[in-house]
Protein chains: 2
Amino acid sequence: MASIKDVAAAAGVSVATVSRVLNEHPSVSADARTRVLAAVADLGYRPNAVARSLRTDQTHTLGLVISDVLNPYFTELARSVEEEARALGYSVIIGNADERPELQDHHVRNLLDRRIDGLLVSPTDGGSPLMLDAARAGTPMVFVDRWIPGVDVPVVRADGRAAVRDLVAHLYGLGHRRLAIIAGPAATTTGSERVEAFRAALAEHGLPLPDAYTGQGDFQAESGRRVTEGFLDLPEPPEVVFAADNLMALGALDAVRARGLRVPDDIALAAFDDIPWFVHTDPPVTAIAQPTGELGRLAVRALVDRIEGRPPRSVTLPARLVARRSCGEPATPTPSLSPVQRSTS
Amino acid sequence: MASIKDVAAAAGVSVATVSRVLNEHPSVSADARTRVLAAVADLGYRPNAVARSLRTDQTHTLGLVISDVLNPYFTELARSVEEEARALGYSVIIGNADERPELQDHHVRNLLDRRIDGLLVSPTDGGSPLMLDAARAGTPMVFVDRWIPGVDVPVVRADGRAAVRDLVAHLYGLGHRRLAIIAGPAATTTGSERVEAFRAALAEHGLPLPDAYTGQGDFQAESGRRVTEGFLDLPEPPEVVFAADNLMALGALDAVRARGLRVPDDIALAAFDDIPWFVHTDPPVTAIAQPTGELGRLAVRALVDRIEGRPPRSVTLPARLVARRSCGEPATPTPSLSPVQRSTS
DNA sequence: CCTCCTCGTGGAATCGATTACACACCCGCT
DNA sequence: AGCGGGTGTGTAATCGATTCCACGAGGAGG
């Protein structure tokens with residue numbers, strides 16, 4: 001592959017001049033510029049980003065470490081992150097942690113070794129020493145969706161409290177009194193927060209949240225299935241199951257079906273995180289929708305602000321309830337076509 | 001950040017010795033080795049991958065350019081690619097082309113600039129000059145899922161012909177005679193191949209495939225909706241719609257619902273590419289399943305073989321029909337729980 | 001005792017860019 | 001004529017690693 005030296009030789013100038021042309025430095029004669037550009041076109045020369053990065057100490061690359069790419073919520077987040085980053089002149093390297101802290105560490109280490117300019121993380125746990133060290137050492141970093149309390153890193157996330165309260169009111173209004181939750185890992189902020197919000201909302205209606213009605217999941221479909229089976233085995237099963245993410249809701253749906261039961265007649269179902277497929281399931285699933293694309297964009301902007309020396313801002317956006325048929329009577333007679341179409345908020 | 005010089009100084013040796021310790025070169029005394037390792041641990045030193053890549057001309061990175069990350073098929077492919085690559089000591093940078101050739105070119109260029117060791121592509125079109133040049137110039141490259149005819153690059157893909165024939169037989173057996181297809185872009189191999197296979201299978205049963213029953217889609221949900229509306233507007237609408245990918249099937253489902261019609265009573269639906277959600281839609285969707293994870297793994301292995309000097313092999317795996325309720329009577333009375341559970345092959 | 005290897009080590013070149021610094025040239029002003 | 005200043009260009013240092021080559025020490029063999 002042609003290097004800057006080859007271009008310089010072909011154009012009859014020094015490498016410094018070639019570099020200046022390529023970087024649009026003003027003090028280059030028109031004559032030299034055209035000769036260099038001709039040589040570049042002729043040789044099909046492309047600057048070596050590796051060499052450039054070594055010299056400038058910038059890779060124009062962001063790292064994104066998420067918990068599970070197969071979760072449509074994170075897929076969409078990743079997509080919006082890449083789009084916004086591209087618009088700002090950065091590339092993105094995605095690391096999939098699969099909800100496993102050691103895999104998360106692997107990716108963080110790998111990304112740091114590659115000297116990415118900044119790191120976007122949705123932590124799977126309370127924070128590994130590696131990540132905390134990196135944050136302390138000054139690596140530009142922003143948490144997205146989940147965060148680690150007590151660490152001085154900006155957070156871009158959605159607050160689901162109001163939406164959870166709306167959901168509980170909706171359920172209460174439909175006559176449900178025995179409500180259960182499939183929680184996410186307590187080590188994640190989203191895991192614990194959603195349970196807390198749910199418990200608080202129940203309390204407002206004078207309803208308890210017994211231990212038997214709080215199942216421990218891990219944000220994966222299989223755990224949703226397992227927990228739901230436990231619920232159905234209880235002498236007095238809940239009337240509603242609220243899954244703290246979309247995959248566990250899928251598992252719950254499986255478990256209910258496997259028993260030959262029907263949603264919502266035998267048991268109702270709701271989920272945190274809305275996804276396009278929820279419109280098409282049988283029945284369509286009531287869910288709490290986050291402004292996922294917006295979160296991704298804002299997270300990138302905060303990170304790039306930090307990288308380029310501007311003060312980054314933490315952002316919290318609201319989530320909203322999207323009521324469908326999985327909890328009882330349809331909210332309206334017309335079919336719901338898109339996840340963003342209807343909202344009770 | 002500490003560099004190899006700092007380590008050398010701290011250990012009282014030269015940088016050459018530090019490098020030898022780090023690369024497990026045999027001729028280093030035990031004494032020097034322990035001093036170096038102590039200094040490394042002490043300083044929290046991590047080798048700079050950028051500098052290393054510049055010197056060794058290897059990045060241990062693969063590029064993966066896919067057409068649409070939001071398509072669950074490609075998400076799963078990306079995941080398996082990353083897993084296998086990690087197992088072989090490589091990282092992956094994913095570029096999402098969004099079915100847009102110019103975006104595909106952007107990513108290919110970006111990846112080549114970063115001097116990735118090899119490129120995995122599922123081309124959105126007949127092949128841009130950029131990609132063809134790269135292939136000709138000797139960049140290790142493997143096509144996955146889709147490919148470009150006439151280019152000397154190994155291909156790892158699934159052959160859906162037999163499964164399409166099974167599907168048509170299944171539909172014929174259920175009494176359907178007017179079958180329509182929502183095709184993918186003719187510029188993609190998967191786009192044209194699936195129509196051809198469908199047409200050939202129909203011919204075996206003496207059925208025609210009129211132009212009015214072949215709609216042109218672009219692998220995105222919206223096009224599935226649009227084409228399906230066209231079908232429904234025909235004086236004699238088809239009895240079955242076969243969508244050439246899962247997103248267009250989703251769009252078709254929307255269109256049918258929007259008219260207040262029911263699947264499969266009013267119109268039947270089948271899709272190429274099976275995904276977990278198809279089990280949970282209303283009704284569950286009959287689909288042709290590819291061995292996606294296996295394709296990803298084999299593609300990575302072929303690429304790494306090529307990179308490391310071994311001869312790469314093209315691979316074609318079979319796809320299989322997974323019959324569910326969206327085309328008529330359930331295949332069996334038991335509910336289908338997983339997309340891989342049942343097959344007619 | 002001298003020669004020849006082997007082993008461990010360090011110096012320095014190298015990868016492909018960016019950029020500080022020096023310098024030659026030309027213009028205009030006094 | 002001489003000097004200051006801007007313009008365009010080249011030389012060389014630099015980023016952080018890897019690796020070729022040279023060299024000194026020490027052991028084995030003649």
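We name chains A, B, ... by the order of the sequence lines, and we start the count at 1 in each one.
- Between the side chains of A:R100 and A:S67, no donor N or O sits under 3.5 Å from an acceptor N or O.
- To the nearest angstrom, C1' of C:dT14 lies 16 Å from CD1 of A:I4.
- The base of C:dT14 sits with one of its N or O atoms less than 3.5 Å from a complementary donor or acceptor on the side chain of B:R55.
- Comparing A:L54 and B:R20 along DNA chain D, the residue whose closest nucleotide (by nearest heavy atom) sits nearer the 5' end is A:L54.
- Listed pair A:S29 / D:dT9 meets the phosphate criterion, a side-chain N or O lying under 4.0 Å from OP1 or OP2.
- The shortest heavy-atom contact between B:A299 and B:V156 is CA-CG2, 3.7 Å.
- Using a 4.0 Å cut-off on heavy atoms, none of the residues of residues 109-117 of chain A approach DNA chain D.
- Taking atom NZ of residue A:K5 and atom P of nucleotide D:dT11, one finds them 13 Å apart after rounding to whole Å.
- Within the structure, every side-chain polar atom (N or O) of B:N48 is placed at least 4.0 Å from both OP1 and OP2 of D:dC15.
- Counting non-hydrogen atoms under 4.0 angstrom, A:S27 reaches a base of the nucleic acid.
- Listed by first and then second residue, the salt bridge (Lys or Arg N to Asp or Glu O under 4.0 Å) pairs that reach into residues 130-151 of chain A are A:E99-A:R146, A:D133-A:R136, sequence neighbours excluded.
- Atoms CG (B:D57) and P (C:dA17) sit 12 Å apart, rounded to a whole Å.
- Protein atom CD of A:E24 is 17 Å distant from nucleotide atom C1' of C:dT19, rounded to whole Å.
- Distances shorter than 4.0 Å separate some side-chain N or O of B:S19 from OP1 or OP2 on D:dT18.
- Under the 4.0 Å criterion applied to side-chain N and carboxylate O atoms, A:R297 and A:E294 are assigned as salt-bridge partners.
- Across the protein-nucleic acid pair, B:L22 atom CG and D:dT18 atom P stand 7 Å apart, rounded to whole Å.
- Between the axis at the start and the axis at the end of the helix from C:dC1-D:dG30 to C:dT30-D:dA1 there is an angle of 60°, using five pairs per end and rounding to 10 degrees.
- DNA chain C is contacted by both B:T56 and B:D31; B:D31 maps to the nucleotide lying nearer its 5′ end (nearest heavy atom per residue).
- Looking at heavy-atom distances under 4.0 Å, A:V13 makes contact with sugar-phosphate atoms alone, never a base.
- When rounded to the nearest whole Å, the span between CZ of B:R52 and C1' of D:dT19 equals 13 Å.
- Considering B:L303, B:I66, B:L64, B:L62 in turn, B:L64 is the only one that fulfils the side-chain contact (heavy atoms from CB on, under 4.5 Å) rule with B:V81.
- Remark: side-chain polar atoms of A:T75 are paired, donor with acceptor, to backbone N or O of A:N71 under 3.5 angstrom.
- Within the 4.0 angstrom heavy-atom criterion, only backbone atoms of the sugar-phosphate kind lie near B:A32; the bases stay farther away.
- In this structure, A:Q58 places its CD atom 16 Å from C1' of D:dT14, rounding to the nearest Å.
- Among the atoms of the strands shown, only primed sugar atoms or phosphate atoms (P, OP1, OP2) are found under 4.0 Å from some heavy atom of B:N23.
- Surrounding CZ of A:R313 are at most 12 heavy atoms belonging to other residues, nucleotides or ligands under 6.0 Å away.
- Between A:R79 and B:D98, at least one side-chain N (NZ, or NE/NH1/NH2) sits under 4.0 Å from a carboxylate O, which counts as a salt bridge.
- The NE2 atom of B:H60 sits 16 Å away from the P atom of D:dA17 (whole-angstrom rounding).
- Between A:T17 and D:dT9 there is no side-chain polar atom (N or O) within less than 4.0 angstrom of OP1 or OP2.
- Looking at heavy atoms from C-beta onward, A:L295 lies in side-chain contact with A:L77 at the 4.5 angstrom threshold.
- Ion pairing between B:R35 and B:D31 holds under the 4.0 Å rule for side-chain N and carboxylate O.
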